[in-house]
Number of protein chains: 2
Amino acid sequence: MLYLRFMARIKTDKNISRKDVIVTKAAILFREKGFKAASMRDLAEAVGVEAASLYNHIKSKTELLHELCFSVANRFLHKIDEIEAEPISAIEKVEKLLRFHINEMINHYEEVYVSDREWKHLADPYLSNFQNQRRIYRKRFAAIIEKGISNHEIKKIDAPTAVLIMLHAISGIESWHRSTQKISAEELEANMITILVGGLINK
Amino acid sequence: MLYLRFMARIKTDKNISRKDVIVTKAAILFREKGFKAASMRDLAEAVGVEAASLYNHIKSKTELLHELCFSVANRFLHKIDEIEAEPISAIEKVEKLLRFHINEMINHYEEVYVSDREWKHLADPYLSNFQNQRRIYRKRFAAIIEKGISNHEIKKIDAPTAVLIMLHAISGIESWHRSTQKISAEELEANMITILVGGLINK
DNA sequence: TAAAGCAACTAACACGTGTTAGCAAGTAGT
DNA sequence: ACTACTTGCTAACACGTGTTAGTTGCTTTA
């Protein structure tokens with residue numbers, strides 16, 4: 001039998017597996033449409049392949065979500081490990097952590113956004129696992145702020161509330177990404193630090 | 001023919017139409033699961049009725065989303081109309097607006113949350129309409145802040161960035177709602193105002 | 001009590017979904 | 001050139017979706 005049809009292939013450089021290509025495209029799609037609304041056929045089209053072909057590289061749609069959520073979560077956990085160990089003031093730790101969050105949100109927009117908004121669609125045991133990590137992370141962040149309060153570096157406020165404000169404020173970078181007339185990334189970072197750290201400092 | 005089956009009815013008090021009951025339950029469901037993931041059969045169960053019966057009261061699933069999104073948007077637009085007209089300082093205007101946002105998020109959690117997160121699933125022309133209203137609202141908010149900057153009431157910052165931080169920070173009240181050991185609503189409001197307004201004020 | 005209208009029901013349709021089976025076509029090693 | 005492996009394809013399934021048609025039951029009005 002003679003076939004002359006053209007068979008697409010997912011392009012890859014060295015060190016980038018075809019699976020990575022798929023995961024990356026998935027992040028873009030999940031951000032645009034939301035996890036539920038993005039179909040495997042949409043994803044296949046973005047990758048340049050038929051839907052069924054994706055399953056040579058991944059196990060399921062939710063696996064894509066796991067990968068995205070946990071890779072992001074791990075980056076933040078490693079960073080807070082690092083920062084906690086540094087011999088600097090509480091307010092400096094907060095600032096460092098904020099700058100990391102801001103830069104992650106600027107440079108790895110799609111993944112971070114998806115991890116933040118779409119984790120609800122994870123299935124157990126991944127779901128509980130993710131929620132746990134999240135809870136723990138926030139507690140550690142709050143502990144840094146508490147320390148700053150008892151040092152009188154930081155205003156007397158409810159630390160968990162402060163954490164919640166910081167984290168959500170940063171997720172607002174989403175709007176910056178979409179806006180037509182953006183200020184530069186550096187200016188954005190500087191402005192956010194000014195307002196957020198300025199709101200914490202005790203005079 | 002003799003039928004003895006029980007036919008459920010949606011309970012209503014005076015002034016609350018059956019449609020209102022449906023819309024309210026829809027808000028809860030859309031928040032929990034997301035618009036796409038929440039099915040009409042889920043909604044029917046929450047209301048205590050079969051899925052098809054809902055269509056005696058509503059036109060479509062998306063109509064529910066329209067109603068939610070625009071009722072919330074209108075409340076905010078009316079409020080900013082009101083505040084703009086008041087003869088008070090810029091920083092007082094910002095504080096009033098923030099307090100309104102915070103209270104809306106506390107007291108009408110489900111609707112506000114859905115309007116904030118799920119508007120992407122609106123269909124044109126509602127979609128463009130909503131986006132426009134949102135854009136305009138933010139510009140008006142930013143204009144108040146700009147005024148405060150030129151008055152030297154507020155730090156020299158990028159006003160649109162400040163707006164973005166404020167609005168997203170407030171959406172963090174979502175986490176407060178879900179947390180097990182909540183501080184009181186009054187404390188929450190006070191803390192948020194302290195941090196956010198504190199971050200704006202010029203010394 | 002009869003008539004009219006509202007609000008529920010059952011049944012079903014058309015469609016889009018994630019995923020699998022089985023096979024063809026490329027690629028790499030000998 | 002032969003073989004083994006990877007990666008693509010087509011076809012199809014089972015299921016869940018929003019929604020409509022047609023009918024029965026309940027409530028209100030005359």
Side-chain angles (χ1 to χ4, degrees), chain A residues 1-26 29-30 32-68 118 121-123 126, chain B residues 1-26 29-30 32-68 118 121-123 126:
Chain A
M1 266 227 252
L2 181 59
Y3 281 83
L4 286 177
R5 77 178 166 205
F6 171 70
M7 218 175 232
R9 288 213 122 204
I10 301 177
K11 294 173 220 150
T12 55
D13 294 347
K14 224 178 291 181
N15 297 335
I16 298 187
S17 73
R18 289 172 221 275
K19 180 167 178 177
D20 288 339
V21 174
I22 294 173
V23 172
T24 304
K25 294 279 186 187
L29 217 70
F30 292 171
E32 281 179 356
K33 304 192 149 199
F35 176 74
K36 266 282 173 185
S39 79
M40 294 304 277
R41 285 164 181 87
D42 289 337
L43 177 55
E45 191 181 353
V47 171
V49 109
E50 290 300 315
S53 308
L54 297 171
Y55 288 84
N56 286 317
H57 305 281
I58 61 164
K59 285 203 292 292
S60 65
K61 187 186 182 188
T62 28
E63 192 208 7
L64 292 169
L65 193 57
H66 306 159
E67 303 244 338
L68 289 167
E118 305 293 333
H121 298 103
L122 288 169
Y126 298 97
Chain B
M1 268 232 248
L2 181 58
Y3 281 82
L4 286 178
R5 75 177 169 208
F6 172 69
M7 217 176 232
R9 290 211 119 204
I10 301 177
K11 292 175 220 149
T12 56
D13 294 347
K14 225 179 288 180
N15 298 335
I16 299 186
S17 73
R18 287 172 223 274
K19 181 168 177 174
D20 288 339
V21 174
I22 294 172
V23 172
T24 303
K25 293 280 187 188
L29 216 70
F30 292 171
E32 275 175 7
K33 304 192 149 199
F35 176 75
K36 266 283 175 182
S39 78
M40 293 305 277
R41 286 165 180 85
D42 289 337
L43 178 54
E45 191 181 353
V47 171
V49 110
E50 290 300 314
S53 308
L54 298 171
Y55 288 83
N56 287 316
H57 306 282
I58 61 164
K59 286 203 292 293
S60 66
K61 189 188 182 187
T62 28
E63 191 207 43
L64 292 170
L65 193 58
H66 305 160
E67 303 244 338
L68 288 168
E118 305 293 332
H121 299 102
L122 287 169
Y126 297 97

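Heavy-atom basis, side chains included; hydrogens, waters and symmetry copies ignored. Naming convention: chains lettered A, B, ... in sequence-line order (proteins, then strands); numbering from 1 in each chain.
- Look at CG on B:L54: it is 18 Å from P on C:dC6, rounded to the nearest Å.
- Residues B:L122 and B:H66 have side chains in contact (heavy-atom distance under 4.5 Å, counting atoms from C-beta outward).
- In this entry the distance linking CG of B:L65 with C1' of D:dG18 reads 15 Å, nearest Å.
- B:K19 has its NZ atom 15 Å from the C1' atom of C:dA7, to the nearest Å.
- B:H121 has its side chain out of reach of B:T62: every pair of non-hydrogen atoms, C-beta onward, lies at least 4.5 Å apart.
- Under 3.5 Å, the side chain of B:R41 and the base of D:dG18 form at least one donor-acceptor pair of N or O atoms.
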Taking only nitrogen or oxygen atoms into account, show me every contact under 3.5 Å that the protein makes with nucleotides 20-22 of chain D, one pair per line with its distance.
none

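- If you check every strand for non-hydrogen atoms under 4.0 Å, A:A38 touches sugar and phosphate atoms only.
- Between the CG atom of B:D20 and the CD atom of B:E67 there is a distance of 8.0 Å, given to the nearest 0.5 Å.
- Relative to the side chain of B:K61, the nucleotides D:dT19, C:dG18, D:dC9 differ in distance, and D:dT19 lies closest.
- Atoms NZ (A:K33) and P (C:dG18) sit 11 Å apart, rounded to a whole Å.
- Between A:S53 and D:dT7 there is no side-chain N or O to OP1 or OP2 distance below 4.0 Å.
- Atom NZ of A:K36 and atom P of C:dG16 are 17 Å apart (whole Å).
- For the OP1/OP2 pair of D:dG8 and a distance below 4.0 Å, the side-chain nitrogens and oxygens of A:H57 include at least one atom meeting the criterion.
- One finds the CZ atom of A:F35 at 5.0 Å from the CG atom of A:L65 (value rounded to the nearest 0.5 Å).
- Between C:dT17 and A:S39, a contact under 4.0 Å exists linking OP1 or OP2 to a side-chain N or O.
- The nearest whole Å value for the distance from the CG atom in A:L43 to the C1' atom in C:dT19 is 14 Å.
- Atom pair A:E45:CD and C:dG16:P shows a separation of 14 Å (rounding to whole Å applied).
- Nearest to the side chain of A:R18, among D:dC9, C:dG18, D:dT7, sits D:dT7.
- Nucleotide C:dA11 holds its C1' atom 11 Å from the CD atom of B:E50, rounded to whole Å.
- A distance of 12.0 Å separates CD in B:E45 from CZ in B:R41, rounded to the nearest 0.5 Å.
- Judged by distance alone, the side chain of A:K61 and the main-chain N or O of A:A38 form a donor-acceptor pair under 3.5 Å.
- You'll find the side chain of A:L43 reaches within 4.5 Å of the side chain of A:L64, heavy atoms only.
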